[in-house]
Amino acid sequence: QSQLVESGGDLVQPGGSLSLSCTASGFTLDNYGIGWFRQAPGKGREGVACISSSDGSAYYSPPVKGRFTVSRDNAKNTVYLHMNNLNSEDTAVYYCAAGYVYYECSATIDYWGKGTPVTVSS
């Protein structure tokens, strides 16, 4: 039973910080590229932070670059998304994914998490 499970979504005030985690079971996460995607209400899904399958480099979309950091802990079979200086436009359901990340957040995904909601509001 291979799956990804996200946790850490919460209500946070503007300017605050939040960390999300994503733990894999049933497969070894370090064999895959990583993607963090989000979908805001009424909007399409966008890739925000990904780790390339080819060289392990990280990509961040322009709205989050400088504020978000993606990392991985292979020993724990877990990846993280650390988010700083959050604003209302970051409100979305955040999904982690594992697959072949070939360019920025363009990827063929083998496993999706079910998502964790982040709400930024006063």
For the pair [X] (side chain) and [Y] (backbone), establish whether a donor and an acceptor sit closer than 3.5 Å, ignoring hydrogens and angles.
X	Y	value
Glu6	Cys96	yes
Thr116	Ser7	no
Asn77	Phe27	yes
Thr78	Lys76	yes
Ser52	Ser54	yes
Tyr60	Val70	yes

Worked verdict on Asp55 versus Ser57 for side chain to side chain donor-acceptor pair (under 3.5 Å) | CA-CA 6 Å; Asp55 62 6; Ser57 62; 2.7 Å; yes
To the nearest 0.5 Å, what is the distance between [atom1] on [X] and [atom2] on [Y]?
X	Y	atom1	atom2	value
Leu81	Leu20	CG	CG	5.5 Å
Asp10	Ser19	CG	OG	11.5 Å
Ser71	His82	OG	NE2	3.5 Å
Ser2	Asp110	OG	CG	10.0 Å
Tyr100	Ser106	OH	OG	12.0 Å

Evaluate the ring planes of Phe68 and Tyr94, with Trp represented by its six-membered ring, and classify them as parallel (under 30°), tilted (30 to 60°) or perpendicular (over 60°).
-> tilted
Geometric class of the Phe37/Trp112 ring pair [parallel <30°, tilted 30-60°, perpendicular >60°] | tilted
Between [X] and [Y], which heavy-atom pair has the shortest distance, and what is it?
X	Y	result
Ala24	Leu4	CB-CD2, 3.6 Å
Cys105	Ala49	SG-C, 3.8 Å
Ser53	Gly99	OG-O, 3.4 Å
Asn85	Ser17	N-OG, 4.2 Å
Ala98	Leu29	CB-CD1, 3.8 Å

Chi angles and distances behind the side chain to side chain contact (heavy atoms under 4.5 Å, CB included) call for Asp90, Arg67 | CA-CA 11 Å; Asp90 297 315; Arg67 300 188 296 118; 2.8 Å; yes
[X], [Y]: one ILVMFWY side-chain cluster at the under-4.5 Å cut-off?
X	Y	result
Leu18	Val120	yes
Trp36	Val101	no
Val93	Ile34	no
Tyr80	Tyr111	no

Could you tell me whether Arg45 sits above the aromatic face of Tyr95, with NZ or CZ closer than 6.0 angstrom to the six-membered ring centre and within 45 degrees of the axis?
-> yes
From CA spacing to verdict: side chain to side chain donor-acceptor pair (under 3.5 Å), Ser121, Thr119 = CA-CA 6 Å; Ser121 177; Thr119 301; over 6 Å; no
Does Glu46 pair with Arg38 as a salt bridge, N-O distance under 4.0 Å?
-> yes
